Structures are given as C-alpha cells and as structure tokens.
Amino acid sequence: MGYFVKHPQNVHTQSKSQKKTAEQQTPSSHSRLLCYWPELLAFFVLTILGISTVDAWRARQSAEVNYQVSQDFQYLVSELTVATLLVDYTTTENYDKQAQLLLSAEDTWRLIDDKNTIEEQWKEYNYNIAHFVQLASMLKTSRRFIGDAEVHFNDNLAAFGGAGEHVIALMLSFETRLNEHIAQDVRDYISANEPKLQQISDVGMQWHMLKRHIEFILDNAVKVSQLVGTVQALPLPATLQTHTKVKSAIWSESSQHLYLMVTLVIANLFFILVCVFVRQAQDLKHSSLKAFAAAEAKSQFLANMSHEIRTPLNGIIGLADLCLRTSLDTVQKGYIEKLLFSGKSLLTIINDILDFSKIESKKLDIVPVDFDVEMLLSNVKTMIAKQASEKGLELIFIVESDVPAKLHGDNIRIGQVLLNLVSNATKFTEAGHVIIRLRRDKTGSETSVYRFSVEDTGIGLSPKQCQKLFSRFTQADSSTTRKFGGTGLGLSISKLLTELMHGEIGVESELNKGSQFYFCLPLADAKYADSKTVEFPDQRLIGKSLLILEDHPVTMEITTIMANHMGLLVTQAFTVKDAARASSQQHFDYALVDWHLPNQNGGLLLKKWEHTGEHPTHIIIFTAFDSAVFRSELNGLNEYKVINKPILLHQLHDAFLNEVGGEEFESQEQQIVQPTENAKSFKVLLVEDNAINQVVAGEMLKDMQLEVDIAENGLIALNMVESNDYDLIFMDIQMPEMDGMQATLKIREDYNSTELPIIALTANVLKDETEKYLEVGMNDHLGKPFERIALSTIVQKYRG
Amino acid sequence: MTRRYYIGLLLGLMLSLFFVFVYSNLTAQTDTTILVSTNTQYSFTQVEGALQPLPEIIYIDERWRDLGKALFNSPLLSSDNSISCASCHLVDYGGDDGFPVSTGINSATGGRNSPTVLNAAFNFVQFWDGRSTTLAQQVSGPIHNPIEMGSNWEQVITKLKNDKLFNNIFQSINSDGVTISAVVKAITTYEESLVTRGAAIDQYLLGDENALTQQQQTGFQKFRQYGCITCHQGVNIGGNLFQKIGRIDDAPDSLTTDLGRYGVTAQEHDKYVFKVPSLRNVADTAPYFHNGQISTLYEAIQIMGRLQLGRELSEQDILDLEAFLQSFSADVEEG
C-alpha cells in the first residue's frame, strides 16, 4: 500500500513549486505593468521626444520662412535701390517698376519677425529713397523747363542781348560740375542782371517761373547727387546681408536640431524593438526552461516509477528464485521458471525505459575503463547461451586476431549494446546460427575503430523497416510486438549509447535471409598493459592432435581455426561414424565432442569409446545445452569436462590446459559462495522494512550460510548494532521512523567503513542518488531487484 | 502573454502618438494677421514711353468677385446699416461720390476727398497719404473709421452670419464660412476687377493714332513737354510715387490745411506730401485734390501747372490738356 507515500519530501517540493508558478501567473496587475518598465519608460520618452520634435519642426518651419523672407527682402531692397537710382535717368519715363518694388518690399517688411533690429535703418532708407524720387522727378520738370527756355533763347537771340543765354550756359556748367561756387556765380549773375532778365517775360517767357526752376535746380541738384551717394552708402543692404546670414544659420541649426530629434525618435523606436526582441528571447528561454523542467519531472517520475516497480519485482524474482531451490514437481518447477522468466523480462523492460530516459535527459555517463575483450564476450555468452541453446541455435563468437586482448572503453555499455543486438538476433531467428564477430575496422595511432557485428539467419528486414528501426518504440513490424514481445526501446537505446560513445550503429538486411547488425566504436588500447600475461599458446599444447566432432560447418571452421592457432593438429569429423572411424585409425590427445548432433548425440560416441577403449586421452564435451540437461544422459558414463558453446579462444585454451591439470570445469553455479569453514562467524544485519524483501534477501543470505538478523527500520538497526557485533549491514534507504541515510550517519559516528561496512539496498539506481549514499558513508550499493550472484559477490568482497 | 504584450505595445505607441498629436494641436499657432491672397491675374502690354495701357484681366475668381460686389454694396458693413462702400465709391460714376469730402454714418463728414476705387489695384499705396500698401489692408480702414462706417469686424461678421443670404454664399465658397479674411478677400477681388480698359489714351498708346483728337494729341504733347508726365506716368498715370504739393511754388491756403503723409510718418520732410493720384477717369472724379476744394478740371490743371511745374499755363494750354485728360476715361469692363 505504502509505495506512493514513500516520498513525502518529493510531494512537498512539487506542491511548493506549483504554488510558486501559480504565484507567477497571477501577480497583481500593478506589479505586472511595472515589470515592463523599459517599455513604459520608452513610451514616456517617446512622448517627450515627439513633443520636442513637433516643436523642432515648427521652429524649423518658421526659421525657413524667416530665412526666405529675409532673403527676399534683401533682394527686393537691392533691386529697389537700383530702380530708385534709375529714376534720375532721363531714359526712365515711368516709375511703375520702382513703385512695384517698393510695394513688394513693404509687404515683405511686414513678414520680418524681428523688425526692431533693422527698423531704424529701413525707415532711414525709405525716407532717403522717397526723398530722392520726389526731388529727382521734380528736377526733371525743372530741367525740361530750362531746356524749353534754351530753345526759346536761341530762337530770339537778339532780343536778350546774351543775358538769358549766359544764365543757361551757367546752369549747364553747374549741372555738369554740381559745384556750389558755380551755383553762387549763377545766383550772383541773376541778382546783378535781374532787370535785364526780367525782359524775357516780354517774349513769352515768364522770368519769375524760370527763376524758380533755376533756384530749384540750384537748391536741389547737389542734394540729389549727394542723395545718390547717401542711398548707395546706406547701411541697410549690409545689415540685411548679415541678417540673412544669421537667419540661414538659424535655419540650418534648427534643421540639425530637427534631424537630431528625428534620430532620437528612431533610436527610441529601435529601443522598443530591441525590448521586444529581448522579451521574445526571454520568453523562449522561459518556455525552454519549462520544457526542460517538464523533461526533468518526467525522468524523475520514471525513476520513481521504476523504483516503485522494482521493489515488488524484487520480491517476485527473489521468491521465485528461492522457490526453485525447494523440492518441486516438474509442473510446479515449470511454472516457477516461467514466473522467474516473466519477472526478469519485466525487469529488462524497466531497465530499458530507465536507460532511455536517462540518456535522453543526459544523465547517463560513459565511464571508460580497461576491459578484457574475452570477458566482455563471455558475459554476453553467459546471458544469451541458454536462450540460444533452447532454440537450437548455433551461437558463434569470432574475434579476429588483430583485436588486442584488452581495450579501453565503457565495457558495461558496450556489453549492453552487444547483448541487445545478440538477444534480438536470437529472438528473431528460428533456426540456424548467430555469429558475433569482432574485428578492427580502422587503425589509428591512439584509438582504432572496432566493428562488432551480429549476423543471424532470422526473418530479416525490408529496407523500409531498416530505415525506422532505430527510432523510439518501433519494431520492424508492429505485429512482432505480439509475437516476440519487447518494448521496442532496445535498438534506440543501442543507437543512443553508440552515439554517446562516438560510434555508429547500422543494419544490413534482406527480408527472410537474415540480418547483420553492427556497431563501430572508436576504442583505445588498454592503458595499463596486462601484468599477468599468460603465455599463449601454451607450449604443452603445441603439436598435440585433436579430433573435433561437430556437425555445424561454421562452428567446425571457427573451432578448427582456434585449435590451429593454439598449435593443435586438427582432424574434423562431422558425424559420430566419422569420429569413430578416425579414432580407430589414430590416437588423439584431445577430442572435442559436440553433444547435440542430428539424429544422434555425442553420448553415443562416448559410450562407443568407453566400450572399445580406443578413445582420445582427453575428451571435452562441447555443448550449447544446459549441462543439467545432458547430465542425466551421462548417467553411467565417466565424468567428462564440459564447455559451453559458444566457445571463445581463451575458454578453449583454458579447457585444454585444465584437462591437462585435471581441474573441474567451471560453471555458473560454482560462482556462488559455497559454505566454508568460517562462514558461521560472519554476521549480517539486514535493515529492511518491506516484509517480502526481508524474506527474499534474508533467505538468499541464509543460503550463503550466513547468520542473518533483520531490523525493520533504522532505529531498530541502531539498537541492534549496539548490542550485537555485525560484520556487514545491508541497509534499505527508504524506511519509516528512520531512513537508511540517517541510520548510516549514526552508525558512522561509532564505526568507520572498514570496521562495519554498510551496503545500500535500494531500488533507486540513478547515479546521483547512489553518489549520495557513498557520501553519507556507505561502502557500496546494490540495486533492487538483486540477483543472488550480485548479492554473493558483494558478500564475498567484504568477507575478505 | 505574447499577444497581450503586443497589444500593450501598440496601445502604448498609440497613446504616446496621441499625446504628441494633442500637444501639436494645442500649440498650433492661429495666425492673427489677416493674410489674404487673391489669385487675380493680369496681362500687361508694355509700350514705348512713360504712359502704359491698363492690363487685361486674364483670370479672376468670379464667385469671390460677385460676393465682393455684394459686400461692397451692402450697408451691413456700417454700424447703423446706413451706408455701404458704394455710398462713397460710385463705380459707374468715376468710382467716387462727387463730393469734396464724403458723408459717413450719422451724416459725419470726413477730411479728405474720397479717391476712386477704379484701377485702385494699380496704385502703389492706398489712401491719399499711402497709409495702406495693399487693397486688402485698406478694406478694414473705412469700416473702422468712426466717421465713415463706424463699425468693427466683430459686428460685421455677426451681421453677415445672421444674414441668411450672405451666410449661404460664404459657406458655399469658403470652408470656414464668414471670416474677416473671407470678407477682405471678396472685397479685394471685386476691387481688382474694377479696371477701366479701353480708354482713348490706351487705344492710342496701343497704336490707334486716330483714337485721340487733334486737340488731345496737342494736349499729350504739352503733357509731356511741360513735365506733367514726370509724376503722372505708368499704368495708372500716377499712383506710383509720393510728391509734395507746391514743390516749386507755394500752394494756396486752401490746400495746405492737411499735412498729408506727415500724419503717417511724422517726418518733417513728409509735410504736404501726398500720393500722386491716378489721372485715370480724372474727368469723372471732380471735385479735385485731397480735400476736394477745387471743383473744376480746368482749375485743377491751372493750379498744378503753377505749383508743380512752375508754369503759368495759357488758356489754350489748359484747354488742350483738359481735352487730353478726357481721353483717360472709360467704363469698367463687365467680366
């Protein structure tokens, strides 16, 4: 019942984080607006800048108008000056142009913004030109009058006795020189000859009128000529030039100001744009963090789930295992074996899922170590041999000679991938063989690429199936799931693992003709040379004769190559008959007899040999079957050495040598700790709250002839440690009252790790979790569900 | 969140633009000076000599002109609705009223002879003393003069707005309806249309030698010879410069009561200075001079000869000149 409430801590943190996100989602609108302060500020600044821009624009407009007006006015004044001076010329008959210019200038004057600075000068100018025009136009009338008089005098020369003529001549002289002296002369002459001149009235000229015109000219001609100079020298044009320049400068200044403002507005808009981009980026980051957290949660969930499943599974497998060791009838044994198999399958699936999620969340680390190639293959063989032999498949290992004995790499993961491929091959092959081949693909200075290939004679795959084979949860055919089982994760995990190890994985296949899966990995040579290099091949074997009875041609070939490699002289026999004949013709030092042969078995040959006595010196049985199967058949025969197919070079070599030395062959069962003399003195405390696991682990330990005490939680364990003397503690982590971590910390206050080793027993096999156990002072950990071998290995290790 | 953010951005942008817009509208300068531009266009013909013929109107906005004519004849422009512009400027009778000085509201009389409105567009300044440079500027003068129309713009605009007919016309041709500018523009346009083309002198100037009688041609000869033409020249035969009355000889007392342009500039040298009036239609604009003290053209010519030319003109001279001056008259061309 308690599986899901085992994580009060986790549940707590989850609810807390949920609360936190809820808070983030519904903050008050006030603070939400405040978090957009850069945008708000930008908008505020934009408003200010906009207003300033409007002002700047207006200023520029009016500056432009002012400049134009000033320029126009300057132009008009200069034109007006010219037109005004022209009034004095006789050729200028009307003053419309001058009047028009004056009108335009007046109109323009009204538009000037800063009149006061030039008002005085403009008034002065106006006065001077008006005065000039008035006098100049009147002078024209007077001159015309004098001109008329001159004509008149010329017509009546005799009548005036030269006085009038003289006056006219004097006037001409005055007009050309404009001299005050001459003017005085004219005045003097007129006053002196007044009576004489008055006579002209008699001939139709009015003297007093002529006199007035002469006086007008005398009074004003000099004035007008002076006015010409005055008008030209007036400061107004120069002032206007400066004025225009100033206006132009103001205009360009205001233009610059406007451009600056516009630039600032654009910069502001750009800033807003940048804000948008930054927010988007943040948003993206946020959502990716969310996604990451979700993935984290998923993998946490998977870890928890697998833990929860592992605990009861441990019970199932353990109890089934224990059950098998009791006396059972055949039917019961079959049931229990199937139960055990199902449990183990379930465990594989869980491991696969966990691996996959670990790889996906990048929590899986590749740990390269030096490893023995033969050992790697041997482990695979151990795992798969039984399955293969049950199906009657030939499992053949070929390690080419250029592969060194030791390599540097993550043997666990390589083994996992290889095992996966091999078990797939075995699963999908009904008859024939599975060949596992290892060769060097590319040689490098430090790392070489090694190619592991698994070739089968199974159902094969179509090219289309090959394509999607390595993607998640896919099997070549969805119907295969029903037929062959499995999660469909194996190949994707293999792919991910090979990629993690910088390798590649692939498949070559033809439907119904079998497939070849392979993966290539760059692996370095072992860093530390093997210190206990065994002499190979052993001198004792060279030149010895060997008879091989084997029906499978590939196995025969491989075995022959291996034997040749060891220096043995091989004679091949494919049937019992051939073997019997060969042995009757020649004495062999060694015989390698395949047990399972078509229609007959190796036992027949052995019986024959025992009967005739013409048998080779050393006979080794060579089988893919569980030794237990044929052991009954061996009844009545001598004890023979048995080696399991598939054979590896070193195994074969050792088998021959052991035969020489007369030692017993090793089997899987033998690895389990056997009762020894000092076993009684080894006391183990099992701290475990789960009743089923208490039974499973307890029974397994008792099986190893150990003295086992059981504590239900950390607190009880502490008491028991005080009153008893234990050699080893198996500690569950999650327990009520006091958990394993706390208990370990307490125990470590009194005992160090060598005095009292503590092994964590946990279903939690994630790396960072196990690291935590070691941190609190535990010596090792054992993942649930554990198998007996693993348990015994640990016990052996600490038993010293 | 993103959608709301963008909507917020858009709103912020719009809000700040709105503020700027409001500011821009609030601070927009309403131009207080009356700037009136009419688009009347004339075509001038240049001829040899001091006198120039009147131009042809090649474009005038008739809607504004007609409105201007109506306003010109409307007594609504005076404070007591008793007189109109046309009361003193009879367009069909020389453009003035024939009195020495005009009669305004409440029978008040002014100090100066009303000048003709005919061809006034070609005068370089308006009024006898040139206190206005343009027709547009001139318009508000008589309206505000307490002894002329005695009104003000506010009153005039209100009255025009209340007059259904005027209001409708204003609304139809001016987007802002009745405004000071519109009134001024209408009257100005109308005044610009008052061009008396086709006078005998203009026909003569344009090459028709038979347009002037023999006596008139003699008069033209004397007009030039005696120097009248020094001041009375150009398109308007005068109207393009200021001149002092009595430049050569002292003016009679009847003409020296008015200080003329001195009233505008307060400059000593502007005493007795007046705008040289246009002689166009001079035969129809008696009485003469700034205060209308001289009732006949004959007298006026005589006085001018004496004061400005320094000549005692003979009777024959005066008659010849008078005959010539008759050739300056023509009627307003109807558009």
Side-chain angles (χ1 to χ4, degrees), chain A residues 33 36 39-40 42-51 53-55 57-58 62 87 92-100 102-103 106-107 110-111 123 126-127 130-131 133-145 148 206 208-210 212-213 215-216 269 272 275-276 279-280 283, chain B residues 1-2 5-6 8-9 12-13 15-21 23-24 27-29 33 35 44 48-52 122-125 133-134 137 224-231 233-237 239-244 247-249 261 265 267 269-270 273 276 306 308-312:
Chain A
L33 253 179
Y36 291 110
E39 281 91 339
L40 291 176
F43 284 134
F44 179 72
V45 172
L46 185 66
T47 311
I48 304 288
L49 282 177
I51 286 170
T53 309
V54 168
D55 282 346
W57 186 72
R58 290 237 173 86
S62 78
V87 166
T92 311
E93 291 175 301
N94 70 60
Y95 317 139
D96 278 359
K97 194 185 174 197
Q98 194 266 349
Q100 279 301 318
L102 185 61
L103 178 62
E106 285 274 9
D107 275 349
R110 248 179 291 124
L111 298 173
K123 271 186 182 168
N126 237 343
Y127 156 68
H131 202 52
V133 168
Q134 287 167 30
L135 291 181
S137 59
M138 284 313 294
L139 275 175
K140 277 187 177 176
T141 311
S142 298
R143 282 177 187 138
R144 191 173 281 123
F145 198 95
D148 285 351
Q206 295 156 342
H208 75 276
M209 283 295 173
L210 181 61
R212 278 187 188 283
H213 279 291
E215 277 170 356
F216 187 80
L269 290 175
I272 293 175
C275 278
V276 172
R279 293 238 181 252
Q280 268 183 345
D283 214 34
Chain B
M1 165 256 163
T2 2
Y5 174 69
Y6 286 121
L9 269 187
L13 213 63
L15 198 69
S16 93
L17 285 179
F18 173 74
F19 279 134
V20 172
F21 182 74
Y23 171 82
S24 162
T27 55
Q29 284 168 354
T33 57
L35 274 178
F44 289 89
E48 192 96 353
L51 302 190
Q52 299 291 325
F122 308 113
N123 287 336
F124 86 129
V125 289
T133 48
T134 60
Q137 267 191 309
R224 278 179 291 197
Q225 190 194 333
Y226 295 160
C228 311
I229 207 162
T230 4
C231 294
Q233 30 64 37
V235 169
N236 246 1
I237 319 178
N240 60 5
L241 76 158
F242 291 108
Q243 195 54 278
K244 186 177 181 176
R247 180 62 80 182
I248 303 296
D249 204 353
R261 191 157 170 76
T265 64
Q267 301 269 351
H269 57 84
D270 278 334
V273 168
V276 173
R306 195 181 299 133
Q308 306 302 111
L309 304 177
R311 283 180 197 266
E312 280 302 336

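Worth knowing before you read on, the calculation uses all heavy atoms, side chains too, and leaves out hydrogens, waters and symmetry mates. Small disclaimer: the values here were computed from a predicted structure and weren't measured. Note on naming: letters A, B, ... go to the chains in the order of the sequence lines (proteins, then strands), and numbering restarts at 1 for each one.
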**Straight-line distance of B:Ser16 OG to A:Phe44 CZ, nearest 0.5 Å** = 11.0 Å

**Item:** Proximity breakdown for A:Leu40 and chain B, heavy-atom pairs closer than 4.5 Å
**Value:** neither

**Message:** For the OG1 atom of B:Thr230 and the CZ atom of A:Arg144, what is their distance to the nearest 0.5 Å?
**Reply:** 5.0 Å

**Prompt:** To the nearest 0.5 Å, what is the distance between CZ (B:Phe122) and CD (A:Gln100)?
**Reply:** 9.5 Å

**Asked** Measuring heavy-atom distances to chain A, does B:Gln225 have an atom under 4.5 Å in its side chain, in its backbone, in both, or in neither?
**Response** both

**Separation of B:Phe124 CZ from A:Gln98 CD (nearest 0.5 Å)** = 7.5 Å

**Request:** Select one option (side chain, backbone, both, neither) describing which atoms of B:Leu17 are under 4.5 Å from chain A's heavy atoms.
**Result:** neither

**Asked** Taking the side chain as C-beta and beyond, is there a heavy-atom pair between A:Ile51 and B:Thr27 under 4.5 Å?
**Response** no

**Prompt:** Which bit of B:Leu15 is near chain A, if near means a heavy-atom gap under 4.5 Å: side chain, backbone, both or neither?
**Reply:** neither

**Asked** Nearest heavy-atom pair of A:Val54 and B:Ser24: which atoms, and what distance?
**Response** CG1-CB, 3.9 Å

**Asked** What's the spacing between A:Tyr127 OH and B:His269 NE2 if we round to 0.5 Å?
**Response** 4.5 Å

**Prompt:** Can you find a pair of side-chain heavy atoms, one from B:Tyr6 and one from A:Val276, that are under 4.5 Å apart?
**Reply:** yes

**Asked** Under the 3.5 angstrom rule, does the side chain of A:His213 hit a backbone N or O of B:Leu309 as a donor-acceptor pair?
**Response** yes

**Prompt:** Given that the side chain runs from C-beta out, which part of B:Tyr23 has a heavy atom under 4.5 Å from chain A: side chain, backbone, both or neither?
**Reply:** side chain

**Item:** Sub-4.5 Å side-chain heavy-atom contact between B:Leu241 and A:Leu102
**Value:** no

**Item:** Under 4.5 Å from a heavy atom of chain B, the part of A:Val87 involved
**Value:** neither

**Asked** Who wins among A:Glu215, A:Lys123, A:Arg110 for the most heavy-atom pairs under 4.5 Å with chain B?
**Response** A:Arg110

**Request:** Considering non-hydrogen atoms only, spot the tightest contact between A:Gln134 and B:Lys244 and give its length.
**Result:** OE1-N, 4.4 Å

**Asked** Do you know the tightest heavy-atom contact between B:Gln308 and A:Thr141?
**Response** O-CG2, 4.2 Å

**Asked** Between B:Arg311 and A:Phe145, which heavy-atom pair has the shortest distance, and what is it?
**Response** CG-CE1, 2.9 Å

**Request:** Provide the closest heavy-atom pair for B:Phe19 versus A:Thr47 in the form atom of the first, atom of the second, distance.
**Result:** CB-CG2, 3.4 Å

**Prompt:** So what's closer than 4.5 Å to chain A heavy atoms on B:Val273: side chain, backbone, both or neither?
**Reply:** side chain

**Message:** Can you tell me which of A:Asn94, A:Asp55, A:Ile48 forms the most heavy-atom pairs within a distance under 4.5 Å of chain B?
**Reply:** A:Asn94

**Asked** Is the shortest heavy-atom distance from the side chain of B:Gln243 to the side chain of A:Val133 under 4.5 Å?
**Response** no

**Prompt:** What part of A:Ile272 gets closer than 4.5 Å to chain B, counting heavy atoms only: side chain, backbone, both or neither?
**Reply:** side chain

**Request:** Tell me, for B:Val125 versus chain A, whether the close heavy atoms (under 4.5 Å) come from the side chain, the backbone, both or neither.
**Result:** neither

